[in-house]
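Side chains are part of it too, since the values below use all heavy atoms of this structure and drop only hydrogens, waters and symmetry mates. Numbers for residues simply follow the sequence, beginning at 1.
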Amino acid sequence: MKRMNNSMHKNMIPVTVYIYKTDPAVSSGIQHELGQKLLRTALLNEGISEYELRRSKKGKPLVFATDSFSNTDLPGETGRMQPHPADSAREICYASISHTDGLVVCAICATRPVGVDAEAPDGHKLSLTQMRRTEKKLLKQEFEPGAETALAAAAKPLLRERTERFCERWTLAEAFGKMKGVGLAFSEGYDEIVACPHETKCTENSVITVLVSGEKTESLSVSWKEVSEL
């Protein structure tokens, strides 16, 4: 089931989210490597074959034009992740990667900084108290008035329901931090985060949220594409 932000739709921003399913037992290190492969697969699928792939100090993937660097920059092999991008480098698109148990995802947006996060609700065997405490820590404040009451109401029937609701909030915050390139080290409140164009996709085994920089009057047009081979 997809959940979109409820803002009035003035502009639609195209975003593609590539999904690759893995064995849930695969290690985090292998998932990271698969994320890099998925990004390269996504770029090729978007028609981008000439690029220089680097990362920010916080690990955000950055896709630059191959002519963005001088000889003194000593770029690595095209498509290979290199640190410390040049300030004058020209990004040709925006990308974000996430992975969780059994899943690797990559979001591509041609025009806006983008962030994506994926979580497996079954991997969050947290108590209601732990969830409330974690939500407060995410933004150092309540997500919204009545957040604890709403979360408690969702928590009563089944563990699955409360973990899915928790993962929706968590992936929204994570996607925002990845879009900003700072992880969860940001000071914006819930209103600023939820105002960004975003969409959440809930499946049987995962919760995925993609978010871009933008205004309340804008919305996303998301293409969800599953990749079978890397």
Side-chain angles (χ1 to χ4, degrees), residues 14-64 75-85 89 91-110 112-124 167-168 170-185 198-213 220 222-230:
V15 176
T16 305
V17 178
Y18 291 85
I19 301 171
Y20 180 72
K21 295 180 180 179
T22 70
D23 184 334
V26 168
S27 69
S28 178
I30 297 298
Q31 287 179 332
H32 178 77
E33 292 179 8
L34 291 173
Q36 305 304 311
K37 290 182 179 180
L38 181 59
L39 173 55
R40 296 185 180 96
T41 298
L43 290 173
L44 288 174
N45 194 70
E46 295 294 312
I48 302 173
S49 58
E50 295 294 329
Y51 59 89
E52 182 72 21
L53 185 60
R54 299 199 174 194
R55 57 179 169 81
S56 69
K57 292 182 179 180
K58 291 288 186 178
K60 181 179 181 179
L62 304 167
V63 185
F64 295 117
E77 177 186 353
T78 298
R80 182 179 179 182
M81 193 75 88
Q82 298 289 323
H84 310 306
E91 287 187 76
I92 54 179
C93 73
Y94 301 92
S96 182
I97 302 171
S98 182
H99 56 77
T100 188
D101 294 344
L103 195 69
V104 179
V105 298
C106 175
I108 301 290
C109 184
R112 307 285 184 88
V114 63
V116 69
D117 189 59
E119 297 292 339
D122 289 342
H124 287 267
C167 285
E168 287 183 38
W170 178 271
T171 55
L172 178 61
E174 283 272 21
F176 181 84
K178 290 181 178 182
M179 181 269 290
K180 299 276 284 188
V182 296
L184 288 175
H198 64 274
E199 183 171 320
T200 297
K201 181 181 181 69
C202 299
T203 69
E204 182 179 358
N205 301 312
S206 66
V207 176
I208 307 170
T209 296
V210 59
L211 176 149
V212 303
S213 175
L220 298 185
V222 183
S223 296
W224 303 89
K225 296 185 178 182
E226 188 168 327
V227 176
S228 58
E229 294 183 0
L230 294 179

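- Closest approach of Lys60 to Gly181, counting heavy atoms only: CD-CA, 3.9 Å.
- Atom NE2 in His99 sits 9.0 Å away from atom CG in Leu34 (nearest 0.5 Å).
- Considering all non-hydrogen atoms of both residues, Leu38 and Val104 come closest at CD2-O, 3.5 Å.
- Between atom CD of residue Glu46 and atom CD1 of residue Ile92 there is a gap of 11.5 Å, rounded to the nearest 0.5 Å.
- In this structure, the side chain of Thr100 does not engage the main chain of Leu103 through any donor-acceptor pair within 3.5 Å.
- The minimum heavy-atom distance linking Val15 with Val114 is given by the pair CG1-CG2, 4.4 Å.
- The heavy-atom pair separating Ser96 from Gly115 by the smallest distance is OG-CA, 3.5 Å.
- Using modelled atom types, one finds a donor on one side chain and an acceptor on the other under 3.5 Å when comparing Asp117 with Ser98.
- Rounded to the nearest 0.5 angstrom, Leu39 CG and Leu53 CG are separated by 5.0 Å.
- Arg112 places a side-chain N or O within 3.5 Å of a backbone atom of Ser213 that can act as its donor or acceptor partner.
- A distance of 12.0 Å separates CD of Glu50 from CG of Leu43, quoted to the nearest 0.5 Å.
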side-chain contact (heavy atoms from CB on, under 4.5 Å) evaluation trace for Arg40 with Tyr51: CA-CA 10 Å; Arg40 296 185 180 96; Tyr51 59 89; 3.5 Å; yes

side-chain contact (heavy atoms from CB on, under 4.5 Å) between Leu220 and Val212, intermediate numbers included: CA-CA 8 Å; Leu220 298 185; Val212 303; 3.4 Å; yes

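- Nearest heavy-atom pair, Glu199 versus Trp224, reported as atom, atom and distance to 0.1 Å: OE2-NE1, 3.3 Å.
- Here the CG-OG distance, from Asp101 to Ser28, works out to 9.5 Å after rounding to the nearest 0.5 Å.
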side-chain contact (heavy atoms from CB on, under 4.5 Å) assessment of Ile97 paired with Gln36: CA-CA 8 Å; Ile97 302 171; Gln36 305 304 311; 4.0 Å; yes

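- Within a 6.0 Å sphere centred on NZ of Lys225, other residues, nucleotides and ligands contribute more than 12 heavy atoms.
- Note that CD1 of Ile208 and OG1 of Thr200 are 9.5 Å apart. Values are rounded to the nearest 0.5 Å.
- Listed by chain and residue number, Tyr18, Cys106, Ile108 satisfy the side-chain contact (heavy atoms from CB on, under 4.5 Å) test with Ala42 (two or more places apart in sequence, or in another chain).
- No donor-acceptor pair under 3.5 Å is formed between the side chain of Thr41 and the backbone N or O of Leu230.
- In terms of heavy atoms, Glu168 sits closest to Cys202 at OE2-SG, 3.7 Å.
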